[in-house]
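First up is the structure itself, then whatever we jot down about it.
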Amino acid sequence: MRNVEKNFQLSVACLAIVIVLIGLYTQSLNKMIVTYVIGMLGILGVFLPDWESFDQSVSQWCTPLKVDDFTVESCRSVRFRFYPVRMAIFMIVYGFGLYKWCIFISAQ
């Protein structure tokens with residue numbers, strides 16, 4: 001199996017553990033379902049984007065890629081390069097989602 005598939009399976013397995021723990025803690029099927037939906041959206045937000053488009057500076061995200069941009073070297077390169085603006089966007093979006101999820105779980 002490819003490394004991405006293994007990471008996806010590990011993420012889904014960890015999500016299943018979190019769902020069980022939330023179910024035991026809150027005794028609420030509704031909160032378990034919300035945890036599943038939010039968790040899957042979070043996991044898919046990391047694993048499904050077209051990284052060839054997003055694996056460049058943020059200013060280039062809206063420009064379409066040409067077939068010439070896909071080279072053998074780009075396919076073999078590191079899949080996720082570090083860009084500070086992209087990481088800031090990810091941290092803000094995922095941090096806000098995690099904050100709202102914690103508020104929802106802790107509410108009676």
Side-chain angles (χ1 to χ4, degrees):
M1 254 190 286
R2 292 181 8 213
N3 195 22
V4 175
E5 293 171 4
K6 288 180 184 178
N7 290 338
F8 181 74
Q9 288 178 353
L10 179 64
S11 299
V12 172
C14 290
L15 177 62
I17 292 169
V18 169
I19 291 170
V20 168
L21 293 174
I22 291 298
L24 292 173
Y25 176 71
T26 63
Q27 301 292 314
S28 171
L29 182 61
N30 185 30
K31 291 183 181 183
M32 289 174 64
I33 292 171
V34 169
T35 301
Y36 170 77
V37 170
I38 290 175
M40 286 305 293
L41 288 175
I43 290 170
L44 295 176
V46 171
F47 285 106
L48 287 185
D50 181 11
W51 287 114
E52 288 293 332
S53 294
F54 293 111
D55 203 12
Q56 53 191 347
S57 70
V58 176
S59 63
Q60 299 297 318
W61 281 3
C62 294
T63 59
L65 292 175
K66 299 177 183 149
V67 175
D68 298 335
D69 295 338
F70 296 102
T71 62
V72 175
E73 292 83 25
S74 70
C75 293
R76 290 183 189 157
S77 67
V78 176
R79 181 177 172 163
F80 190 82
R81 292 187 189 102
F82 178 77
Y83 289 106
V85 175
R86 179 176 60 188
M87 292 308 296
I89 291 170
F90 275 8
M91 289 174 62
I92 290 169
V93 169
Y94 280 86
F96 181 74
L98 187 61
Y99 169 74
K100 288 301 221 179
W101 174 77
C102 288
I103 295 296
F104 176 75
I105 292 301
S106 63
Q108 297 293 334

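All values below were derived from every heavy atom in this structure, side-chain atoms included, with hydrogens, water molecules and symmetry-related copies excluded.
Within the model, atoms CE of Met40 and OG1 of Thr35 stand 13.0 Å from one another, a figure rounded to the nearest 0.5 Å. Residue Asn30 holds its CG atom at 4.5 Å from CZ of Phe104, rounded to the nearest 0.5 Å. In this structure, the separation between CD1 on Ile43 and CG on Asn7 is 11.0 Å, given to the nearest 0.5 Å. Rounding to the nearest 0.5 Å places SG of Cys102 at 4.5 Å from CG of Leu98. Between the CD1 atom in Ile22 and the CD1 atom in Ile17 there is a gap of 13.0 Å [rounded to 0.5 Å]. Note that the CE atom of Met87 and the CD1 atom of Ile89 stand 11.0 Å from one another [nearest 0.5 Å].
Between Phe90 and Tyr94, the ring-plane angle classifies as perpendicular under the 30° and 60° cut-offs.
Grouping the Ile, Leu, Val, Met, Phe, Trp and Tyr side chains by contacts below 4.5 angstrom, directly or via other members, places Val34 apart from Leu29. Cluster annotation: Tyr99 is not connected to Val93 through the hydrophobic network of ILVMFWY side chains, with a link wherever side-chain heavy atoms come within less than 4.5 Å. Linking ILVMFWY side-chain heavy atoms closer than 4.5 Å, directly or via other members, places Val12 and Val18 in two distinct hydrophobic clusters. Put simply, Ile38 and Phe96 are part of two different groups of oily side chains (I, L, V, M, F, W, Y) that touch within less than 4.5 Å, one to the next. In the hydrophobic cluster analysis, where Ile, Leu, Val, Met, Phe, Trp and Tyr join through side-chain heavy atoms closer than 4.5 angstrom, Val37 is grouped together with Ile19.
Between Phe8 and Leu44 there is a side-chain heavy-atom pair separated by less than 4.5 Å.
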